[in-house]
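Proteins come first, then strands; the chains are lettered A, B, ... in the order of their sequence lines, and each starts at number 1. When reading the values below, keep in mind they use all heavy atoms of this one structure, side chains included, and skip hydrogens, waters and symmetry mates.
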2 protein chains.
Amino acid sequence: MSDGRAAGQRPGEWIPSRPTSRDVAERAGVSQATVSLVLRDRWAGRVSPARAEAVRAAARELGYRPNLAARTLRLGRARTALVVVPALTNEFFARVHAGAARAAAADDVGVVLYPSPEGVGTAPDPFTSASATLDGVVASSMATEALAVLSEGGLPLVMLDSEPDGGAAATVNPDIAAGMRLVAGHLLRLGHRRFAHIAADVDSWTFRVRAGVLAEEVAAVPGAEVVVTERASIDVRGGLLAASRALAGPARPTALVCDDDLLAVGALKAARRRGLRVPDDVSVTGFDDLTMATAVEPELTTVRLPGEELGAAGMRALLAVLRGEVLGTTVLPVELRQRGSTAPPAP
Amino acid sequence: MSDGRAAGQRPGEWIPSRPTSRDVAERAGVSQATVSLVLRDRWAGRVSPARAEAVRAAARELGYRPNLAARTLRLGRARTALVVVPALTNEFFARVHAGAARAAAADDVGVVLYPSPEGVGTAPDPFTSASATLDGVVASSMATEALAVLSEGGLPLVMLDSEPDGGAAATVNPDIAAGMRLVAGHLLRLGHRRFAHIAADVDSWTFRVRAGVLAEEVAAVPGAEVVVTERASIDVRGGLLAASRALAGPARPTALVCDDDLLAVGALKAARRRGLRVPDDVSVTGFDDLTMATAVEPELTTVRLPGEELGAAGMRALLAVLRGEVLGTTVLPVELRQRGSTAPPAP
DNA sequence: CTGAAAGCGCTTACAG
DNA sequence: CTGAAAGCGCTTACAG
C-alpha cells in the first residue's frame, strides 16, 4: 500500500475502505484462497463445512463485498454487457432495456446503457466510455451507418430489430413484416383502398420492411394504392405535419398507416384540425403499442411489438454467443391490437 | 500468464485479446510507465515530445484501449456512478437518466442504471449487481423505505426529488411546492372552488408536498374545498378509476388536480366517458409535462418538471461531493404550462 | 527525462 | 482439506 490507497484517498475522505477478502480470511482464521473458494461456491469437497460456515459468517459480519474490478481483472471477463438504443426517452427502447437488464441479471451480468445521443443516427464510439469493460453488445434498431462503429469494438454483437444478415453474431427481430401485413390486411378487409403511408425519416431495416410490405400488400389488391408522404421525424409533431399534408391532397386517403404510434398520434391531431373524424372520415394505425396508444381518443389500432421480450431474448442470445453457441436469427411474434381508430371508410 | 488468461479463454474463442500498455510500450520502444504518463496526459515536462508522439502513434496503430478494470483497481475509484430510478419506462425518469448520463460523461464518468424493479417501491440491494464497482449513487423520487437500502451501500448519495434532510450528502429538487402553488393559483383565479385531488398511491416526499400545498392553497380561499380520492396507481388506468369515482359524487368537482400527467390522461378519459367536456364541464391538470401531455386532446395544463436538468444537476452534485465539497439542497425552478384542459368552471 | 518495481484485490493451479 | 504464490493490466513514487 505504498501509494495507491493514499493517492486514492487524498481527494477527500469519501472512499469507504471496504473490507477485502484478506480481512475476511483473517477474521475467519483461514487463507484468502479458502475465502474465495467458499464465496464463489466452489468449495464442495475442498473446504470443510465448518470452515466454510466460518468464512460466510466473517463475510457477513464485515459486510464484505468482492471488489468487482479485481475480479474482472483476474477473470478477464467483465460480466457486463453494453446495451445500445437510439433513445431512451422513447418508451419502446426503455422496454427493450428493461428486458435486457432482466435477462442479464438472471445470469448475474450487469448492463451498461448507451443511448445514442443523436437520436437514431450514428452513435459516436461508445467504447471510450468510462464503463467500457465489456463482454459484448446488444444494439437495437440502429441506423445502418451505426453498425460499423459497433462492429469496430471487436466485441460479440447481437442486433435487435435489424437486418438479419448484418454481420452480427445473432439477430433477434420482432416479426415486422407480419405486423405490417396484419395492418394492411385489416384495413383492406374494412374496405379501404386509398392509403397514405406516414413513414419515419430513419434509414433502418425496420422501416424499410414496413414500407416494402405495405406497398406489396396494397399492390396485390386491384384498385388499391398507397401514397408515401415526405418522411416524418418520429414524434407527434412529425406525424402531424406529414399527415396534414397527406390529408390535404386531392384524392384524400381513407387510411393513414403510420410507422410509429407517435406519428399516429400526430396524425390523429392532423385529422382533428382539418375537421375530420377518426375513424368515421379517416382511419389511423400505429406501430409499437406504447402507453400513449391507449391514452388518446380514439385509442389507436396498432401493432404490439414485444419490447421487453425483444430485449430479454437479445440478451439471452448474447449470453449464448459468449458461451460459444452459434445462433442465427430469431423472430418474435407480434399482434394487431384493434381499437377505435380504424373503421370502414365512409361510403 | 500461468493460468488467468487460459482460464478466461477456455469458454470460447470470443475474448478478443486486446493490446496492453506493455504492447504499446514495446512498439514505441519505451517503458510502460511512459505509456501511462503520455496516455493520461501527465507527460508535460516529463517525457520528450518525440517519445510522447511515438507512444500515441503506437497506441493508435494497435487500437489500444486501457483496461478499465485494471485502472479502477489501481486507482481505487471506478469513475462510475449508479443512477437509481423507480421505473425507466416512465418518460420522466428516462429524462432524469439522460441528464445524469450527460453530466457524468462531461467528467468522463460512466453511469450504471438501476431501475427499481418493483416500480416505485423498495429497491432490492443494487450493490450486489455485477457492475457494482461504484463511486457514488444518484437516486430519484424513491419511496421513503428505499432510502435505507441506498444508504447501506456506504457510498456517497445524492437524492433527487426527495426529502431535503433525508440524510443524503446532497439533495436536488424541482420546486414541487411552487409547481403545485402555480396549479392551485391558476385554477382558483379561473374561479374554481370545488377541487378533487387525484393523488398518487406512492408514499414519497414529492407526493406529500403536492398534497400538502394543494390543501393549504385551497384552504386559504373561503368557500373553496378539496376532496382527496382514494390513492391511484400512477398510470392511465389508475387515473381513470380515481377520476371516475371523484366525478360520480354528489357535489361534482369542477377541477381535477392530478399528481402526474398519466393520472391526468386517465382523468380526461373518465370525464369523456361520463359525457363531460374538458375543459367546459371540468378542468384537468397534470404534473411532469410528458410527451403525452400534448398528445391528448385537449392538451394538458401541467407543471413542467425539468427532468434532464434534475438529472444533470444531481450528477454534478455527486461529482462535487466526491471532490470533497459540502452541498446542501438545490432547488430547480418549474413552470406552469397552460393548455386546453383548463378553463373557468361552467356558471 | 526515463525505467524498474510495487501493489490495487482477486482467483486458481500447484504443492503440501 | 488447506495455504503460499503468481499474475491479471494499470499507475505512481522513487531511484537513477
Side-chain angles (χ1 to χ4, degrees), chain A residues 1-10 15 17-26 28-55 59 62 64-79 130 132-133, chain B residues 1-10 15 17-26 28-55 59 62 64-79 130 132-133:
Chain A
M1 196 185 291
S2 71
D3 48 326
R5 181 61 72 92
Q9 274 181 341
R10 208 177 303 133
I15 294 192
S17 78
R18 303 199 303 175
T20 68
S21 70
R22 182 188 308 256
D23 298 326
V24 176
E26 231 162 71
V30 302
S31 75
Q32 255 189 306
T34 303
V35 171
S36 177
L37 255 17
V38 172
L39 265 25
R40 300 205 71 205
D41 239 357
R42 296 204 178 324
W43 61 281
R46 300 209 260 170
V47 176
S48 64
R51 303 197 112 192
E53 185 42 42
V55 168
L62 293 173
Y64 169 74
R65 293 175 201 285
N67 179 316
L68 274 320
R71 175 177 285 181
T72 295
L73 180 58
R74 177 59 232 246
L75 258 26
R77 315 164 272 126
R79 298 206 70 77
T133 309
Chain B
M1 196 183 292
S2 72
D3 49 324
R5 179 61 73 90
Q9 274 180 340
R10 207 175 307 132
I15 293 192
S17 77
R18 303 200 303 176
T20 69
S21 70
R22 182 190 304 258
D23 297 327
V24 175
E26 231 164 69
V30 301
S31 74
Q32 254 189 307
T34 303
V35 170
S36 178
L37 256 16
V38 171
L39 264 23
R40 300 204 71 205
D41 238 356
R42 295 203 178 326
W43 61 281
R46 299 208 260 169
V47 175
S48 63
R51 302 196 113 192
E53 185 43 43
V55 168
L62 293 173
Y64 170 74
R65 294 176 201 285
N67 179 316
L68 273 323
R71 175 177 287 181
T72 296
L73 179 58
R74 176 58 233 249
L75 258 25
R77 313 162 274 129
R79 298 206 72 75
T133 309

Problem set entry | Interatomic distance where CZ belongs to Arg71(B) and P belongs to dC10(C) [whole Å] | 21 Å
Seminar exercise, completed: Rounded to the nearest 0.5 Å, the CG atom of Leu73(A) sits from the CG atom of Asn67(B) at a distance of 6.0 Å
For this session: Take atom CH2 of Trp43(B) and atom P of dG3(C), then tell me their distance rounded to the nearest Å.
Result: 15 Å
Exercise. Is the phosphate of dT2(C), meaning OP1 or OP2, less than 4.0 Å from a side-chain N or O of Thr34(B)?
Worked result: no
Problem set entry | Contacts of type side chain to side chain donor-acceptor pair (under 3.5 Å), residue Ser48(B), not counting sequence neighbours | none
Seminar exercise, completed: Listing for DNA chain C: consecutive Watson-Crick or G-U pair runs of at least 3, distance cutoff 3.5 Å, ranges ordered by first number, gives C:1-3 with D:14-16, C:5-12 with D:5-12, C:14-16 with D:1-3
Exercise. Counting side-chain heavy atoms from CB outward, which of dC10(C), dG9(D), dG3(C) is closest to Ser31(B)?
Worked result: dG3(C)
Exercise. Does Arg40(B) have any side-chain contact (heavy atoms from CB on, under 4.5 Å) partners at least two apart in sequence or in another chain, and if so, which?
Worked result: Ser36(B), Arg42(B), Arg71(B), Leu75(B)
Exercise. What integer distance in Å separates Gln32(A):CD from dG7(D):C1'?
Worked result: 13 Å
Seminar exercise, completed: By nearest-heavy-atom nucleotide on DNA chain C, the more 5' of Leu37(B) and Leu73(B) is Leu37(B)
Exercise. How close or far is atom P of dT12(C) from atom CG of Asp41(A), stated in whole angstroms?
Worked result: 13 Å
Exercise. Of all the nucleotides listed (dT12(C), dC10(D), dC10(C)), which has the minimum atom distance to the side chain of Ala33(A)?
Worked result: dT12(C)
For this session: Might you point out which heavy atoms bring Ser21(A) and Val35(A) nearest each other, and give the distance in Å?
Result: O-CG2, 4.0 Å
Problem set entry | For atom CZ of Arg42(A) and atom P of dC10(C), their distance in whole Å | 16 Å
Seminar exercise, completed: Taken in chain and number order and not counting sequence neighbours, the residues that satisfy salt bridge (charged side-chain N to carboxylate O under 4.0 Å, His left out) with Glu26(B) are none
Problem set entry | Heavy-atom pair with the smallest gap, counting every atom of Tyr64(A) and Thr20(A) | CE1-C, 3.4 Å
Seminar exercise, completed: To the nearest angstrom, the CG-P distance between Leu39(A) and dC10(C) comes to 9 Å
For this session: Determine the Euclidean distance between corresponding P atoms of dC14(C) and dC10(C); express it in Å to zero decimal places.
Result: 23 Å
Exercise. Would you say a side-chain N or O of Thr20(A) is under 4.0 Å from OP1 or OP2 of dG9(C)?
Worked result: no
Exercise. Looking at residues at least two apart in the chain, or sitting in another chain, which of them share a side-chain contact (heavy atoms from CB on, under 4.5 Å) with Thr34(B)?
Worked result: Val30(B), Ser31(B), Val38(B), Val47(B), Val55(B)
Exercise. Arg22(B) CZ to dG3(C) P: how many Å, rounded?
Worked result: 14 Å
Seminar exercise, completed: Closest non-hydrogen atoms of Pro49(A) and Trp43(A), given as atom of the first, atom of the second and distance, are CA-CZ3, 3.9 Å
Seminar exercise, completed: Taking dT12(D), dG9(D), dG3(C) as options, the one with an atom nearest any side-chain atom of Asn67(B) is dG9(D)
Exercise. Which heavy atom of Ala54(A) sits nearest a heavy atom of Ala28(A), and at what distance?
Worked result: O-CB, 3.9 Å
For this session: Give, ordered by number, those residues of residues 44-51 of chain A having at least one heavy-atom distance below 4.0 Å to an atom of DNA chain D; if nothing qualifies, reply none.
Result: Gly45(A), Arg46(A), Val47(A), Ser48(A), Arg51(A)
For this session: State whether Arg40(A) places a side-chain N or O below 4.0 Å from either non-bridging phosphate oxygen (OP1 or OP2) of dT12(C).
Result: yes
Exercise. Out of dT12(D), dC10(D), dC10(C), which has the shortest distance to the side chain of Leu75(B)?
Worked result: dT12(D)
Exercise. Should Arg74(B) be listed as having a side-chain N or O under 4.0 Å from OP1 or OP2 of dT12(D)?
Worked result: no
Problem set entry | Pairs flagged by salt bridge (Lys or Arg N to Asp or Glu O under 4.0 Å) wherever residues 43-54 of chain B is involved - sequence neighbours left out | Glu53(B)-Arg56(B), Glu53(B)-Arg60(B)
